[in-house]
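To start, the structure itself, in structure tokens.
Numbers here are sequence positions counted from 1.
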Amino acid sequence: TSVTEDAALAGWFQRSITIGLGSAALLLCSLGLMMAITRQVRSLSNSERALKEKSHQLDVALNNMSQGLTMFDSEQRLVVCNKQFSEIYELASEYTKPGTPLRAILEARSVAGMSPDRKDFVASVLELASSPESFSIVEELRDGRIVSVTSQPMSHGGWVAVHQDITARKRAEAKLAHMARYDSLTGLANRARFLEKTNDAIARMRRLGQPFSLLMLDLDRFKAVNDCLGHATGDSLLKAFTERLREIVGTTDNVARLGGDEFALLLTAEKNRSDLSSTTIALANNILKTITRPYDIDGRKLVIGTSIGITLSPDDGRDADTLMRNADLALYKAKVEGRNRYRFFETSMEEAARERRELEEDMRK
């Protein structure tokens, strides 16, 4: 090649190298930008996956709670709720979507019978929801279930509420309360409940001047039934005796089994003490007549009687302990005199009891 050609070739080569270097630099920059974008996309993708995972974990946690949970915004629109909330109130899916107004949910509950049996239910809950304070209420739904609702306001407006079906717990509490105050065999009030009823009658007497009588009953020859035929037969006899008392009294609200074969009842006067005495005598005679009829227990004819001791308030005592103690003394007198009869308390009975106690003490000495 000539010198001119060599020079032209050298210039072309130099320009090619310059262009090549520029293209390489551009390529490297492009690659670097692509790598940066890829890393960013990958980071965003990882964040999105992490967010989806967190969201899934939150959904699992919410839907595995034993309570129903709701969140409402400051406009009383539903933000989120879990499946327990919809199950408690048996709500259709259209009422559990975000944005559903609280009023629409409450009205749907009311129509479906998943609300308390009162006309102001919707208005009262909307008023509570408008309060900036936290609150806790217990609602008895029309289907008999009991639901506890606790609401906590949020700083930016709106609130979070927890709904829990506490029916089983309330029924268990009611059962325990009933067992503490009522006899498990007969269903009558026990001694503790009878003392409460007696104190209530004393309070009415002091406030309204309304006297009442207290009758203590003890079954005659009941121990022989237990000893000869067993406690199962004895229990059946006690239940049959209770049924007859229910027939006589009409209501067992003021009747109690104090223990064993010992029973008690209260009778309130309609007018005055003389009216109370005649009514009490009529009741006692009816009990004596009815209780002595034979009982058919497991194919056996059993006959028992009852002895009755009676006190009148306020003459025979102004407190429950005194009235029951004096009725016991009258009951003892009825048994001593031959059983299956009634006796009113007399002050001489208290003196006789004191003399017996002194004699027993002297004999022990």
Side-chain angles (χ1 to χ4, degrees), residues 186 188-189 191 193-222 238 240-258 261-295 303-353:
T186 62
L188 299 175
R191 183 179 291 272
R193 178 59 177 159
F194 187 73
L195 282 172
E196 289 178 5
K197 300 295 290 184
T198 304
N199 286 323
D200 290 343
I202 291 170
R204 285 196 304 273
M205 179 195 68
R206 291 172 179 169
R207 187 175 66 255
L208 304 174
Q210 192 175 42
F212 65 93
S213 59
L214 189 154
L215 291 74
M216 300 279 281
L217 290 71
D218 191 270
L219 301 189
D220 299 329
R221 297 183 297 277
F222 179 74
L238 288 173
F241 172 80
T242 300
E243 289 304 314
R244 289 194 186 178
L245 269 185
R246 284 194 173 99
E247 292 173 6
I248 296 167
V249 180
T251 173
T252 57
D253 188 45
N254 290 332
V255 183
R257 181 191 178 200
L258 305 183
D261 61 341
E262 189 176 9
F263 294 77
L265 62 91
L266 296 172
L267 181 64
T268 303
E270 293 293 333
K271 297 177 182 178
N272 51 41
R273 191 184 188 284
S274 60
D275 174 67
L276 176 64
S277 296
S278 59
T279 304
T280 302
I281 290 172
L283 175 63
N285 282 324
N286 193 11
I287 291 173
L288 293 174
K289 177 183 176 181
T290 305
I291 296 307
T292 53
R293 295 203 310 263
Y295 295 85
V303 178
I304 58 171
T306 184
S307 300
I308 306 172
I310 305 170
T311 50
L312 302 176
S313 179
D315 294 351
D316 298 333
R318 294 180 176 271
D319 61 82
D321 288 339
T322 302
L323 286 167
M324 293 183 73
R325 182 178 68 249
N326 290 341
D328 259 332
L329 292 174
L331 175 62
Y332 176 82
K333 183 70 172 178
K335 283 187 172 291
V336 168
E337 291 183 354
R339 302 174 185 271
N340 201 42
R341 63 194 66 206
Y342 69 85
R343 287 291 177 265
F344 283 88
F345 171 75
E346 299 171 359
T347 54
S348 59
M349 296 176 184
E350 194 170 16
E351 178 63 23

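Without hydrogens or angle criteria, R246 side chain to R244 main chain gives no donor-acceptor distance under 3.5 Å. Under the 3.5 Å distance criterion, the side-chain polar atoms of R204 are left unmatched by any main-chain donor or acceptor of F212. A donor-acceptor distance shorter than 3.5 angstrom exists from the side chain of T306 to the backbone of D218, with no hydrogens or angles considered. Panel note: side chain N326, backbone D316; a donor-acceptor pair is recorded below 3.5 Å.
For the pair T186 and F241, the minimum side-chain heavy-atom distance is 4.5 Å or more. F222 is listed as a side-chain neighbour of L238, based on a closest heavy-atom distance under 4.5 Å.
For F344, the side chain to side chain contact (heavy atoms under 4.5 Å, CB included) partners are T280, I281, I310, L312, Y342, not counting sequence neighbours. Residues that satisfy the side-chain hydrogen bond (donor to acceptor under 3.5 Å, both in side chains) test with E247, not counting sequence neighbours, are absent from this structure. Qualifying side chain to side chain contact (heavy atoms under 4.5 Å, CB included) partners for I248, counting only residues two or more places apart in sequence or in other chains: L283, N286, I287, T290. For E196, the side-chain hydrogen bond (donor to acceptor under 3.5 Å, both in side chains) test picks out R181, R193, with sequence neighbours left out. With sequence neighbours left out, the side chain to side chain contact (heavy atoms under 4.5 Å, CB included) criterion links A240 to Y295, I297.
Of the listed residues (L331, N340, L288), just one forms a side chain to side chain contact (heavy atoms under 4.5 Å, CB included) with I308, and that residue is L288.
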* Asked: Between L214 and F345, is a side chain to side chain contact (heavy atoms under 4.5 Å, CB included) present by the stated rule, with each step listed?
  -> CA-CA 10 Å; L214 189 154; F345 171 75; over 6 Å; no

* Kindly indicate, with the supporting measurements, whether the criterion side chain to side chain contact (heavy atoms under 4.5 Å, CB included) is fulfilled by R257 and T242. => CA-CA 9 Å; R257 181 191 178 200; T242 300; over 6 Å; no

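Ion pairing between a basic and an acidic side chain is recognised when a charged N comes within 4.0 Å of a carboxylate O; K335 and D220 show such pairing.
For residues 318-334, the set of pairs meeting the salt bridge (Lys or Arg N to Asp or Glu O under 4.0 Å) definition, not counting sequence neighbours, comprises K333-E337.
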